[in-house]
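Contents: one structure, followed by commentary.
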Amino acid sequence: MTVNKIEVRNVYKVFGNREKAVLAMIRAGKSKDQVLAETGCVVGINDISLSIRAGEVFVIMGLSGSGKSTLVRHLNRLIDPSSGQILVDGEDILDYDMPALRHFRRHKISMVFQNFGLLPHRNVLDNVAYGLKVRGESVAQCQQRALHWICVVGLQGYEQVFIHQLSGGMRQRVGLARALATDTDIILMDEAFSALDPLIRAEMQDQLLELQRTLQKTIVFITHDLDEALRIGNRIAVLKDGQLIQVGSPQEILQAPADDYVGRFVQRRRTSA
C-alpha cells in the first residue's frame, strides 16, 4: 500500500493585508493579475492539493513566480498558509505550537537552500554539525556524524576549511551533508543545484540519486529546469501562477502534457535535444 508522507490540502497563500477579501475573490474566479490590480495583494498559492509518498523524490517545477518556492516553505512552516491544511505523517503541522514546531524542524525535516545557507564564520565540520548541535546532541555525537557525512559527500580533508575558501559545488556538498547529518525523514531542496556550473550540477544530481538509493528519504526538490526534474524525479508537479497544473511521472509529463504551458517545457527540451 502506498503511504503518503506529506499531504497538502486546498492550500492558499495571499501576501498582503486583505487575506479574507482576496480569498473570496479567488474563489469567485478572479485571476492572480486581477487580484493584484484590484487589491495590491499577491496570490502566492491558489488552492493546491497534492500528496507526496514516503521515500520518493517529488519534484516541484515551474517558472519564476509560479509559487514553487512558496509552496515548499509551507512544508516546514517557514510560511503559514492563508487557508488549508498541511499534513505530515497524518498530523496537521499547522496545529503545532512553537515547542512542537521546533521539534518537527529539528528531528523530522531539513532543508537545503539555493544560496547554500551556510555559516561563513565556521568551518566545514562546524557547519555540518550545526543542526545536531542545535538539537542538543553531545559533542562526540555531533563530530562523529558530521565526519561521516563529510566523507560520504566527498569532502574528506576539508573539515577545517572555512566556507569562503570553497567552490560553489563544494559549498553545496556541505549543505547536503548538513541536511543528511540530522537524519530527518524529509529533505526539502529549493533550487539546490541551480547556482552550479552544468558539470558540477550533473555530479550533484548523480550523488543525490546514489545516496537516495540507499537512504530512501522523502525528498521534495524545487527546480525550474525540466531536464533536472526528469532526471531525478519519481514524480513531477508543475505549477503556474500559484496553481497546480499537472502531477505525473516523468514519462507522463513528456508524453501527455496537461496544457500548452507544460507543453512548452516539453517542446523546449525536444528542440534543444
Side-chain angles (χ1 to χ4, degrees), residues 5-6 52-62 68-69 72 75 109-118 124-125 127-128 131 145-159 161 163 165-238 247-255 265-266 268-273:
K5 189 71 173 177
I6 301 169
I52 299 170
R53 300 165 186 159
E56 75 172 331
V57 179
F58 188 90
V59 176
I60 302 173
M61 67 166 293
K68 55 189 186 297
S69 291
V72 79
L75 303 183
I109 196 163
S110 54
M111 191 164 191
V112 183
F113 294 93
Q114 178 182 6
N115 59 359
F116 315 124
L118 303 176
V124 168
L125 180 62
N127 266 276
V128 175
R145 290 194 60 79
L147 288 171
H148 169 74
W149 287 108
I150 287 168
C151 182
V152 169
V153 302
L155 288 177
Q156 191 170 16
Y158 288 87
E159 293 85 355
V161 174
I163 298 303
Q165 298 173 290
L166 301 177
S167 67
M170 294 171 80
R171 292 180 193 182
Q172 198 62 74
R173 290 174 192 273
V174 176
L176 181 58
R178 183 174 63 184
L180 292 169
T182 56
D183 195 27
T184 57
D185 295 344
I186 302 164
I187 301 176
L188 310 179
M189 305 186 72
D190 187 9
E191 297 274 12
F193 305 152
S194 296
L196 304 178
D197 293 334
L199 288 177
I200 303 299
R201 187 173 184 173
E203 288 178 9
M204 289 300 298
Q205 292 167 358
D206 287 342
Q207 182 165 49
L208 179 65
L209 291 172
E210 182 63 31
L211 287 167
Q212 178 63 356
R213 275 190 277 273
T214 303
L215 300 174
Q216 292 295 296
K217 299 289 187 181
T218 302
I219 298 175
V220 184
F221 193 101
I222 306 300
T223 185
H224 62 269
D225 187 300
L226 179 62
D227 286 330
E228 184 166 66
L230 294 171
R231 188 175 190 207
I232 69 173
N234 299 119
R235 290 189 301 147
I236 301 167
V238 184
V247 178
S249 68
Q251 293 76 19
E252 288 167 340
I253 298 293
L254 278 177
Q255 296 171 9
F265 277 106
V266 173
R268 279 201 299 271
R269 182 176 188 273
R270 288 170 179 163
T271 301
S272 61

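For the numbers below, each heavy atom of this structure counts, side chains included, while hydrogens, waters and symmetry mates do not. Predicted model, so just to flag it, every value in this text is computed and none were measured.
Of all heavy-atom pairs spanning G55 and Q212, the tightest one is O-NE2, 3.2 Å. Contact detail for A146 and L125: the closest heavy-atom pair is CB-CD1, 3.7 Å. The shortest heavy-atom contact between I236 and M61 is CG2-CG, 3.8 Å. Considering all non-hydrogen atoms of both residues, V112 and A192 come closest at CG1-CB, 4.1 Å. The two residues T184 and S110 make their nearest non-hydrogen contact at OG1-OG, 2.8 Å. What you find for V247 and A237 is that their closest heavy atoms are CG2-CB, 3.9 Å.
Between R173 and E203, the closest side-chain pair of non-hydrogen atoms falls below 4.5 Å. The shortest side-chain heavy-atom distance between I187 and M111 does not fall under the 4.5 Å cut-off. Under the 4.5 Å side-chain criterion, counting only non-hydrogen atoms from C-beta, D185 is not in contact with T218. Two residues are said to be in side-chain contact when any heavy atoms from C-beta on lie closer than 4.5 Å; H224 and K68 meet this criterion. Between R201 and D225 the shortest side-chain heavy-atom distance falls below 4.5 Å.
For D206, the salt bridge (charged side-chain N to carboxylate O under 4.0 Å, His left out) criterion is met by R231, not counting sequence neighbours. N234 is linked by a side-chain contact (heavy atoms from CB on, under 4.5 Å) to E56, V57, counting only residues two or more places apart in sequence or in another chain. By the side-chain contact (heavy atoms from CB on, under 4.5 Å) test, E252 pairs with S249, sequence neighbours left out. In this structure, the side-chain contact (heavy atoms from CB on, under 4.5 Å) partners of L166, at least two apart in sequence or on a different chain, are V124, Y158, V161, I163, M170, R171, V174. Under the side-chain contact (heavy atoms from CB on, under 4.5 Å) criterion, A177 pairs with V128, W149, V153, sequence neighbours left out.
We find the CD1-NZ distance between I186 and K217 to be 10.0 Å, quoted to the nearest 0.5 Å. Taking CG from L208 and CZ from R213, the interatomic distance works out to 10.0 Å, rounded to the nearest 0.5 Å. Distance check, rounded to the nearest 0.5 Å: CD1 of I222 to OG of S69 gives 6.0 Å. M189 contributes atom CE, which lies 6.5 Å from atom CD1 of I219 (distance to the nearest 0.5 angstrom). Between L180 atom CG and R145 atom CZ the span is 9.0 Å, to the nearest 0.5 Å. Rounded to the nearest 0.5 Å, atoms CG (L254) and CG (L226) are 6.0 Å apart.
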### Query
How far apart are the C-alpha atoms of E191 and T223, what are their side-chain angles, what is the distance that settles it, and do they pass the side-chain contact (heavy atoms from CB on, under 4.5 Å) test?
CA-CA 5 Å; E191 297 274 12; T223 185; 4.3 Å; yes
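Under the ring-ring contact (aromatic ring centres under 6.0 Å, His included) criterion, the residue pairs touching residues 199-223 are F193-F221, with sequence neighbours excluded.
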